[in-house]
Each structure stands twice: as structure tokens, then as C-alpha cells.
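Shown next, in C-alpha cells, is the structure this report addresses.
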Amino acid sequence: MTSIAKPPVRHPGLVRNELGLSVRDYEGSMSTLCAGCGHDSVTAALVQAAWELALPPHRAAKMSGIGCSSKTTAYFMRQSHGFNSVHGRMPSVTTGASAANRDLTYIGISGDGDSLSIGLGQLSHAIRRNVRMLYVIDNNGVYGLTKGQFSASADVGSTSKKGETNVQPPIDPVLLALTLGATFVARSFSGDKAQLVPILKAGLLHNGMALIDVISPCVTFNDHEGSTKSYKFTREHEVEISAADFVPLRREITAPAAEAGVTSVTMHDGSMVRFRQTHDGYDPTSRESAYAHVRACQLRHEVATGLLFIDERGSDMHAMANTVSTPLVDLPYEQLCPGNAALQKLMEKYR
Amino acid sequence: MSGINDFAFRIATVNGTGSASANSLLMQAIFRMGVPVTGKNIFPSNIQGLPTFYEIRVSKDGYTARPPVVDLVVALNPATYARDVALVRPGGYLVYDASWPLDPTLVREGITILGIPFGQLCLEHFVGDRDRTLLRNIVYAGALAALLGIDLDVIARMLTEKFAKKQKLLDANNTAIRLGYDYAKAHCECPLPIHLEPMEATGEFIILDGNTAAALGAVYAGATVGAWYPITPSTSLMEAFKGFCEKFRTDPETGQSRYCIVQAEDELAAAGIAIGAGWAGARAFTNTSGPGISLMQEFIGLAYYTEIPAVFYDVQRTGPATGMPTRTQQGDLLSLAYASHGDTKHIVLFPRDPEDCFRMSVTAFDLAERFQTPVFVASDLDIGMNDWMCRRLTWDDTYRPDRGKVLSADELEGVKKFSRYLDVDGDGIAARSLPGAHPNGAYFVRGSGHDKHGAYTEDSDAYQEVVDRLARKFAGAADVVPGPEIHRQAWADVGIVSLGGCDAAVREAVDQLRERGIAADYMRIRAFPFSAAVKEFLEQYGTVFVVEQNRDAQLRALLTIETGVPRDSMIPVLDYGGMPLTAQVVTMAVANHLTGAHT
Ligand SMILES: Cc1ncc(C[n+]2csc(CCOP(=O)(O)OP(=O)(O)O)c2C)c(N)n1
Ligand code: SF4
Ligand SMILES: [Mg+2]
């Protein structure tokens, strides 16, 4: 990653959010990814989502592992702290950071290699702990940064640029997350900003881990005929099985509460996600229904997208650990050290 | 050795039969009689059914190392009879369960064999197999009390404390103690020539294991995040931390926790969690043993290069691979000092006993934050899990954590462009900012090549500038970490160097050598990097011995690499079979070398 600074162009007309910040203020340094890389579109969607939510940039922390995808944390929100850690281990670093300071908004960016091969264990256990974070997998079916080897999300029968055919079954992060008890599971497409932005917004406010698998084509190594993670294939096979609208807390909710075909879920902070039903019987609050639909789509070689499952009542890591509401980093030392009198009393036990 | 208030005994049983509480009862009773005592638990890597031993050393002179000879053995495990009987020193004693005929394996010339029908006594007085098995341990404790002159009143008081709310158990235990005691009194010469007489030498002391002490140190240091993956012999450290936190860190009003312990999926994650928390500003640690340290390598390098504080406790055990998980060693010295690929060096502290574990825990957190780097506390199984008599812990209430150079929100307010790795003060330590503190403090942590501003680089000079500063920072730590502890005597012409849990045996050996007419000065190394005093000591003597518990003389290698003192000018004294070191090993090695050299 590089940090070539972008020229700070300021259009006087740029709209400002509640913090008085423009979209530009949520950008980062110039991307060094290949022109047309899906990951850059995900970055753009994140910038938009964070700006729309008026996230205070310095209260967010961008976490990543290693890969082209993991580099992208440098390309948005330059006023946020970033932590580009080691390959596949972003979940544990984020777990620790969140344990120490539960008040920051953690934005984790990973790749299919980073999360589904080397980091599969860490991803799984961060899901189980339900660390409060947005977890984006920029999924391109290959290891981009090491030049195009198949990743664990490559479909059986898909071919590499060099013509090899993948024969091992893929790991689908969405099905995996549903199985492991994730409380927010979505899939989207880097080329579909209209769908992606509201999902990212909902994910940023979710009370637990929000896992979003974003099909994000690698134009250099996996965008050819025969790839199932190309722009063309994804456009042709994408089925939106639930369309989500994100209604922030601050906006007055005018729509009738019980509109036909609309399910509403209230988020932790009082915002709301409203689902328009695009498939008969799809219920995004039912894990079983979500699993069945995603699986059915898969068998039809379709890519199920949308906010697929949400459960706002689940306990996050801190609720499970019953930690104090004040971030641990803010506790004064006096509240942490029992002092000499307590020590002397304790010593009697060892006599 | 071998007299009043100066002897050792060993109890051989089968693990999982409840002998541990009887053994610690005995040890504590001796301690409460005011007589210096240490206990070593030699246990198998198994839950039930394998041989286990407990060694208690009584030493009026306060020696705490493993006893050189065993005066009395209680042999309750037929599987180890042959070994047990062979251990008894000539003229010593063997106690066996006389409920059955004496096994021929136990017969040996020159020792006194004492039969006490532990099983039979239990069969007659208690109901049910479980009770009989458990109370058999208390019966042998009673018999030993009679044989060794342990004060029965002290034992009775301890039992009353222990079973205050369990009258039935209290009665049963009292009965069992008396059964053994009375039988021995009636049938054996009591007390034996090796026995106890009350002293007043333990008033300022406690009995504590190193893992508990280290955990207590973490609590007092203000650590809030602990991450771990269970592994012998480090597990009890986090268990103790949890217990202390529940006691001391529960919000009295809400019942909520002022700490967060994460049992991770593996040691890689445990390291990641500690580092993530350290980056976010918490005092964070992970505790593990050798296999875990191996798994943490990549993360350790990340924390070193990105300059994130975290404390790593390595409670060392024996061997590469799984090795012998319930045996002790100092086999991780090199792998800690230079953990991870590339150019890396780390601060390592070497506690010698539980009291040191407590103090060095606090030091480790201060050093980690001051130098913004991972700090290792290299304990071992012997220190971590055994019962040591050590000085009562005290705490200075004026202590405040050394948080190092952390810019506050106010300080950041005035900063135009924050550069993470600028050496403003010339000490190699750059100021850091914590996430969330202030927009001006935002920066990007990267394990990839970075320049002094924290920006990505592939430029040779910019890369070297940062790693050269890291080297300067590390060199600076040599004067800040605990320096060597040097014990000198007049006319010494030999130097002995050692570290960690070897200390007790080496100090005893120094006394033994003096009795043999060999005056040896002794330097205990307390930390890596080495201060200048370490090199000075090495160069002061014609002969220097380096005593350590590993096969490859790792401390000696480290001394050579870091001080330039020639390897072959230091004579290694190595002990690596997994047992705690005895003074005899050191005394014999030094004496033999010197006599060999002089003839
Ligand atoms: C321990 C380790 N092994 C291997 C690598 C080499 N490596 C760098 S990125 C990468 C794969 C990244 O793939 P993915 O996460 O899918 O990201 P993408 O580049 O496709 O966005 C690998 C194997 C590494 N950095 N660290
Ligand atoms: S190699 Fe592929 S994933 Fe990496 S930047 Fe280029 S297009 Fe994107
Ligand atoms: Mg990839």
C-alpha cells in the first residue's frame, strides 16, 4: 500500500453531513490497486456509507490482514486509525482492540484468501464471540496479491486465467456464518453500489459482527470467461433475495409500520432496516429460511445477494463477558489496583 | 543434611487419587511450625492412574532448591516401588502400606522399612471406596506427623480452617489423621532421628506458586485484557488471574467486570488479541509455554516492528515438540530473545521464584509500554507450578504505571501532522497515539516496510532508518531492565553465572563450594538485554561457569552473541532432564572441573 496523498480538491458545493464533513473527508490515500479492481468500488461504497452515517472518523478503526483487499483500509477514512496486521489474523487483533476499547467502530476488511484459507479459524471464532465489528470480505475467488492462485471460495469448475480448472469444493462465507451463529449476514456485489451502501450502513450499526461477503472481481487474474467471480458472471447470476433499506434513527420514519411485503428490524441505536420482500416466503429474521434460500440459489448456480439474515437481539462479546460499559482503556488505574491493604489480607491465605 | 529440621521426604502415589491435598497439608503444617520448607510436585501428563511424586524439603538454613538426597520415601504405588526404594539414602527410611505382605522389591539392605496398614485402617473405619481412597492420603499424613514430629495441633487447626463449613468432612479427616498418627506412635520409633522442631524462621514468608504470583502481578500492574489458550504449565496463571479479577475487579454496583479474558482458539489468536488490545491502549498479556511461543512468532515480529506493547508469559516446559509437558526446562531462551523472522530482539525477564514473578510482572508491563514492544517473562514449570516459600508480597501504593510516551488528546490538539516513528527525544522511542483519542493522532499501523512517518516504503534508507532506531531503542533498554544480581566473596577466583529457577540451587552450591575451599562469585542475570555489568563480570574471572537448564547452553550462546565474550571461555553446566536443579549438580560440575584443571 502506498500513501500518495490525493490532492485535497474542495468543491464549494460538496454536501456536508451532520459533522460538517464532506464525502471527501471520508476518503483515504490514492489506491494503488489495478484499474477496475472490484475492491476500489467497495472502498467507494464504504466512504459513502460512513459519510451518510456521519461517523466521526477518529472514532473508527480500520482493521485488515494481508492481500490486495486488505490494503484498501488505507484508501478510505484517513482520519481514522488503521491496523494492517498479518495474513489471516485481523479477527484476533480486532477482538483484542474491541476488548480494550468497546466504543470504537471497527471496520474489518479482508479477502477470500485472508478469511477463508489462512484465517478461516480466526473468522469462525470471531463470529462465535460476536465481536462488534463490520467484517467485509472482498471476495474475488483468487489470491490477487500473489498473482492469481485459486482461493478457497473458487467454485468447482471455474477456470484460472492460465486455464486450470478448480476441482475442490468452495467455502461459502455466507453459509458458514449462518451455521456458526452469525447475527448479521449479507452478500453483495462491488458493482452494485445501490445495494451495497445500505447494507454497509446497517452493518456498521449492528450490535455484533456484521459479515458481508462482497463479490469483488479481480480484473487482472479472475475476470475472464470461465470464472464465476467475474463482473459478467456475477451480473448475470445475481439474484437479490432481499432488498434492504436503511432508515437512520435521525430520519423520521413515515412509512406505515406494516406495509405489505415489508419487514422492519430496529437496530441497536434505534435506526431501522426495512426489507422489501423479493422472494415469496423469505424471512431475513429466520436463520433457517436464510440458509435454505441461499442453498437453493447455489444449487441453481445463482448468487443470492442482499441482507440475508439479521438478529439484533444476540449478545455481543462484551455482553457475554459482562464487561463494564466504560471502555477498559478509560478505567482509571485506581479502579484496577486493589492496593497494599488488600494484598496483605490476601497474603494470610498463603500462610 | 539429614538431621533435625534438615531432611527431605518423598511421597510416591498414583495421580488422580487425591494425594495433592494431603501433601500440601504436610508442607503447610511444617511451614506453620516456623521451619523453612519447599514442595516439588513431580506429576505426569495425564489425568488419572500414572505415577506421581511429591518431594518436601525441610531446611533450617532456608535452602529451597530440590533436595539432593531423600531421607524417607512413602511408597504407595507398586508400579514405582523399585525406583522409590532405590532413592532412599543409605540409613534412610521407607514407609509402605502394610495392609499387604511386604513386596520383595521394597526390601533393601541398609535402610529401615516401616510398615503401616493404611488401606486396612481405612477399610475398618470408613465406608465406600471413594472415601477410603481419599482418606488413605490423610492417614499417611497422620503417620508422617508422628514419624517426623509434625505438630498435631497445627494440623488440626488447618483442617478446621479448611472444612469450617463441612463438619462431616472435618470429622472424617480428623479421624484419619489420628488413625495414622496413633498407629505410627504405637508401632514405630517416633519421632525418627530426622524430625522437626519448631523454629521461628517463616514469619515473613508465604507459600506461593509462580503462576499465581505472576497473575497477581498482572492485576496490580493494571492489566485489563488477558488472552490465552490452555497449555501446561501456564494454564494456572490465567486461572489465577480470573480468580483475582473476580475478587478485585468486579464493579460493586453493577457486578460487571473491569477486565476481559478471552480464551482464544489458539495461541496465534491469543497473541493477536493481546497485541490488538495493547495497540488500543490496554495493558494486555498472554500466557503460554514453548509450543505456544512457536505459534506466536509472526505476531511477535509484528508487535516488535510496529512497536506495540504486550506482555508474554512463557512458562517453559521440557523439550521441542510436545516434549515433556509436566517437566521443567529453560529451553526457550534463544527463541524468546530473537523471536520471529527478520531482525528482531526482545526484552526478556527471568524471575527466579514466585516473588520475582510478582515483581517482574509489573516491571514487564512498565517496560512494554515504555519501550512500546513485546516483553517476555520467562518463567518455568518449577517456578510456575510448585509451592515455594518466598517472602511475603508487599505493594507500594504510590506506584503508578509507566505508560510511556502516549500523546493525550490535548497534546494532539496542537499537532499538525503526526508522525508515528520520529525519534524526537533521541532515545529511540517515538511517541504513540491511541485510536479514538483525537483526529490528529490517526495513523496507519503497518507490518509492511514503513518510514519514520509510518508511511509505506520500499526505500532502503527509509527502511534502515527505522530498524536502526529500533536497535538503538533496544540498546537503551539494557540500562533500564533489571540488572544482574551479583554475590561476591573475598578471594573468589571463579565466577558462576545463572538465571531464573536455577538460582536456588546455585546459591546453595556456592555455599557447598565454599565448604570445599572454592570461593565462587555468583551473578544472577535478571533480564535481556544485558547491561554492561554482565560483560564486566564475565571478564573478571579466570574461570566462568554458566549454569542453565537446557542442552545447548543457550544462555552461554546469548552471552557470547551479545557481549562478544568468547564462547569457550565459559564452561557450561547443563541440566536438562526436566527436573528442578539440585545444588549437587552445580557443585560437582564446578569442583570436578577445577580439580581436573589443577592436576
Ligand atoms: C503468512 C503469510 N503467508 C503468505 C503470504 C502471502 N500472501 C499475501 S496476500 C495472499 C493472498 C491474499 O488473498 P486474498 O485475501 O484473497 O486477497 P486479494 O489479494 O485477493 O484481495 C498471500 C498468500 C503472507 N503475506 N503471509
Ligand atoms: S490483482 Fe486483482 S485483486 Fe489485486 S488489485 Fe489487481 S485486480 Fe485487484
Ligand atoms: Mg482474493
Side-chain angles (χ1 to χ4, degrees), chain A residues 1-3 56-59 61-63 66 73-74 77-87 89-101 103-104 121-122 124-125 129 317-318 321-325 327-329 331 333 335-344 346-347 350-351, chain B residues 31-32 206-208 219-220 222 224-225 227 248-249 251 254-262 264-266 268-282 284 298-299 302 392-397 399-401 434-439 441-448 455-456:
Chain A
M1 129 208 6
T2 128
S3 7
H58 78 287
R59 301 295 296 166
K62 307 166 296 180
M63 316 297 288
I66 300 292
T73 44
M77 295 173 80
R78 73 172 74 77
Q79 294 178 62
S80 307
H81 273 251
F83 196 143
N84 187 211
S85 64
V86 282
H87 196 20
R89 317 293 173 202
M90 174 273 279
S92 64
V93 177
T94 312
T95 300
S98 169
N101 190 346
D103 278 1
L104 301 185
Q122 294 227 334
S124 305
H125 289 277
R129 284 192 285 268
M317 175 174 77
H318 283 289
N322 193 30
T323 2
V324 286
S325 52
L328 296 176
V329 287
L331 293 176
Y333 175 67
Q335 284 190 20
L336 302 174
C337 178
N340 190 42
L343 186 65
Q344 293 320 309
L346 185 71
M347 286 301 103
Y350 300 103
R351 295 254 332 136
Chain B
F31 176 79
R32 287 203 185 174
I206 49 167
I207 294 178
L208 190 63
V219 171
Y220 274 74
T224 51
V225 178
F248 294 125
R249 295 271 193 82
D251 187 301
T254 62
Q256 288 173 324
S257 308
R258 292 180 183 146
Y259 61 94
C260 187
I261 296 173
V262 186
E265 58 271 30
D266 54 35
L268 285 78
I273 291 165
I275 290 164
W279 168 71
E298 188 187 21
F299 256 134
L302 177 80
R392 193 187 174 101
L393 306 178
T394 56
W395 184 253
D396 174 6
D397 281 326
Y399 166 87
R400 286 296 173 276
L434 300 180
H438 194 280
Y443 75 102
F444 197 82
V445 177
R446 37 168 65 86
S448 46
Y456 181 83

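Within every chain, numbering begins at 1; the chains are lettered A, B, ... in the order of the sequence lines, protein sequences first and strands thereafter. What you are looking at is a predicted structure, and each value in this text was computed from that prediction instead of being measured.
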A:H58 and B:H438 aromatic ring geometry - parallel, tilted or perpendicular at 30°/60° bounds: tilted
When only pairs under 4.5 Å are counted, which of A:N101, A:T94, A:L104, A:D103 shares the most heavy-atom pairs with chain B? A:L104
Quick one: does any side-chain atom of B:R249 pair with a main-chain N or O of A:L336 as donor and acceptor, under 3.5 Å? yes
If you tally heavy-atom pairs under 4.5 Å against chain A, which of B:A282, B:A269, B:G447, B:A437 wins? B:A269
Option in A:H318, A:R89, A:Q79 with maximal non-hydrogen atom pairs under 4.5 Å from chain B: A:R89
Between A:P91, A:A341, A:S85, who has the most heavy-atom pairs with chain B when the cutoff is under 4.5 Å? A:S85
Can you say whether B:L302 sits under 4.5 Å from chain A via the side chain, the backbone, both, or neither, judging by heavy atoms? side chain
Under 4.5 Å from any heavy atom of chain A, what part of B:Y220 do you find: side chain, backbone, both or neither? both
Heavy-atom pairs under 4.5 Å with chain A - which of B:D396, B:V219, B:I261, B:T254 has more of them than the others? B:V219
Who among B:A274, B:G281, B:A270, B:G278 has the most heavy-atom pairs with chain A under 4.5 Å? B:G281
B:A271 versus chain A, heavy atoms under 4.5 Å apart: side chain, backbone, both or neither? neither
Most heavy-atom pairs under 4.5 angstrom with chain B, which of A:A321, A:A100, A:S124? A:A100
Looking at A:V329, A:N322, A:L331, which one has more heavy-atom pairs under 4.5 Å with chain B than the rest? A:N322
Looking only at heavy atoms and a cut-off of under 4.5 Å, which of B:A264, B:A227, B:G441 has the most pairs with chain A? B:G441
